[in-house]
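I have placed the structure first, in the form of structure tokens, so that the comments after it can refer back to it.
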Amino acid sequence: MINQEQQTRGAGISPASGRKKPRVAFLCVHNSCRSQMAEALGKQLAGDVFESCSAGTEPGARINPDAVRLMKQVHGIDMEQTQYNKPLTDLPAVDIVVTMGCNVQCPSLPCSHREDWGLDDPTGREDAAFLAVMARIEEKVLDLRCRIQSGTL
């Protein structure tokens, strides 16, 4: 049996609902750190190729202040001005789902492609842990951008 990833490989992602760009949803449990950084970096680094949004299975009350501070310092992005914690039910239709590696079972969302980035949660750790995760997210966002552009996703 062919899985979803094999079905879409090489065919390229076609946006649903007549949109010009595919929509990527970055998901984690609290939607307060990794998924928020991925949404912000997706908008900044790949906004010309895909739309970014994020959500959580159990959204927290606010975006992690360390993530907010470091994203401002490193990328000049103020996530508190443009983003907020939201549940999965607030997501629009998406084409691609990226889970952050939360070690929990995420509910299934209809999509053309799904992948897990396996990122450790830096919450409660030192700045170096946040910066390492942020750098890894940046790499993965740029890789996703390239795969969508080239039609290999």
Side-chain angles (χ1 to χ4, degrees), residues 3-5 8-9 13 15 21-153:
N3 68 29
Q4 234 177 1
E5 185 175 349
T8 58
R9 187 169 300 170
I13 297 292
K21 297 183 279 188
R23 183 175 293 135
V24 178
F26 299 101
L27 308 179
C28 66
V29 175
H30 300 295
N31 188 222
S32 62
C33 190
R34 293 165 293 172
S35 59
Q36 292 285 356
M37 290 190 291
E39 177 183 351
L41 289 171
K43 288 175 179 176
Q44 184 177 65
L45 302 174
D48 60 326
V49 174
F50 63 81
E51 295 177 24
S52 296
C53 57
S54 68
T57 55
E58 300 171 20
R62 64 184 233 187
I63 301 174
N64 183 301
D66 292 319
V68 169
R69 176 177 53 83
L70 292 168
M71 286 291 288
K72 280 181 193 174
Q73 286 178 9
V74 175
H75 294 283
I77 299 170
D78 186 349
M79 294 189 298
E80 290 181 313
Q81 295 299 312
T82 59
Q83 295 171 211
Y84 60 95
N85 302 68
K86 53 207 150 303
L88 298 177
T89 54
D90 284 3
L91 285 175
V94 299
D95 303 292
I96 300 168
V97 169
V98 177
T99 53
M100 298 289 107
C102 307
N103 296 319
V104 296
Q105 184 62 33
C106 279
S108 181
L109 288 175
C111 62
S112 302
H113 177 78
R114 183 182 187 103
E115 61 188 51
D116 183 85
W117 286 358
L119 302 168
D120 290 331
D121 186 356
T123 300
R125 299 175 59 201
E126 69 286 345
D127 285 0
F130 277 87
L131 294 169
V133 169
M134 188 185 303
R136 191 74 180 119
I137 290 170
E138 182 176 353
E139 290 171 13
K140 289 186 166 290
V141 163
L142 291 172
D143 176 64
L144 182 60
R145 180 184 192 275
C146 287
R147 290 185 288 143
I148 291 170
Q149 269 187 315
S150 68
T152 59
L153 181 68

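Just so you know, residue 1 is the first one in the sequence shown, and it goes up from there. Remember, it's a predicted structure, so these values are computed and weren't measured experimentally.
Looking at Leu70 and Met134, their side chains come closer than 4.5 Å, going by heavy atoms from C-beta outward. A heavy-atom distance below 4.5 Å is not found between the side chains of Val24 and Glu51. Counting heavy atoms from C-beta outward, Asn85 and Ser32 have side chains that approach closer than 4.5 Å. Considering only heavy atoms from C-beta on, Thr82 stays 4.5 Å or farther from Asp78 through its side chain. In this structure, the side chains of Cys33 and Asp121 come closer than 4.5 Å at one or more pairs of heavy atoms. With contacts defined as side-chain heavy-atom distances shorter than 4.5 Å, the pair Met37/Met79 qualifies. Contact annotation: the side chain of Arg23 never approaches that of Phe50 to less than 4.5 Å [non-hydrogen atoms, C-beta and beyond]. For the pair Thr99/Trp117, no side-chain contact is recorded, criterion being any heavy-atom separation below 4.5 Å from C-beta on.
No salt bridge links Lys140 with Glu115; every basic N to acidic carboxylate O contact stays at or beyond 4.0 Å. With respect to Asp48 and Lys21, no salt bridge is recorded, no charged nitrogen being found less than 4.0 Å from a carboxylate O.
A donor-acceptor distance shorter than 3.5 angstrom exists from the side chain of Gln83 to the backbone of Gln36, with no hydrogens or angles considered. Glu80 places no side-chain N or O within 3.5 Å of a backbone atom of Val68 that could act as its donor or acceptor partner.
Rounding to the nearest 0.5 Å places CD1 of Ile96 at 3.5 Å from CD1 of Ile148. The structure places NE2 of His75 at 4.5 Å from CG of Leu41, a figure rounded to the nearest 0.5 Å. We find the CD-CG distance between Gln73 and Leu131 to be 8.0 Å, quoted to the nearest 0.5 Å. Rounded to the nearest 0.5 Å, atoms CD1 (Ile63) and CD (Glu39) are 8.0 Å apart. The line from CG of Leu153 to CG of Asp143 is 9.0 Å long, rounded to the nearest 0.5 Å. Between atom CG of residue Leu119 and atom CZ of residue Phe26 there is a gap of 10.5 Å, rounded to the nearest 0.5 Å.
Residues meeting the side-chain contact (heavy atoms from CB on, under 4.5 Å) test with Leu91, sequence neighbours left out: Ala25, Leu27, Cys53, Ala55, Leu88, Leu109. Scanning for salt bridge (charged side-chain N to carboxylate O under 4.0 Å, His left out) contacts around Glu139 gives Arg136, with sequence neighbours left out.
For Arg125, the CZ atom counts as densely surrounded, since its 6.0 Å shell holds more than 12 non-hydrogen atoms of other residues, nucleotides or ligands. Within 6.0 Å of the CG atom in Asp120, the count of heavy atoms belonging to other residues, nucleotides or ligands does not exceed 12.
When all heavy atoms of Arg34 and Gly101 are compared, the closest pair comes out as NH1-O, 3.7 Å. When every heavy atom of Phe130 is checked against every heavy atom of Pro122, the shortest pair comes out as CE1-O, 3.2 Å.
Applying the salt bridge (Lys or Arg N to Asp or Glu O under 4.0 Å) test to residues at least two apart or on different chains, the pairs with a partner in residues 126-135 are Arg69-Asp127.
Side-chain contact annotation: Asn31 with Ser54, donor-acceptor N/O pair under 3.5 Å present.
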Handout entry: CA sep, side-chain torsions, deciding dist, call: His113, Asp95, side chain to side chain contact (heavy atoms under 4.5 Å, CB included)
Key = CA-CA 7 Å; His113 177 78; Asp95 303 292; over 6 Å; no

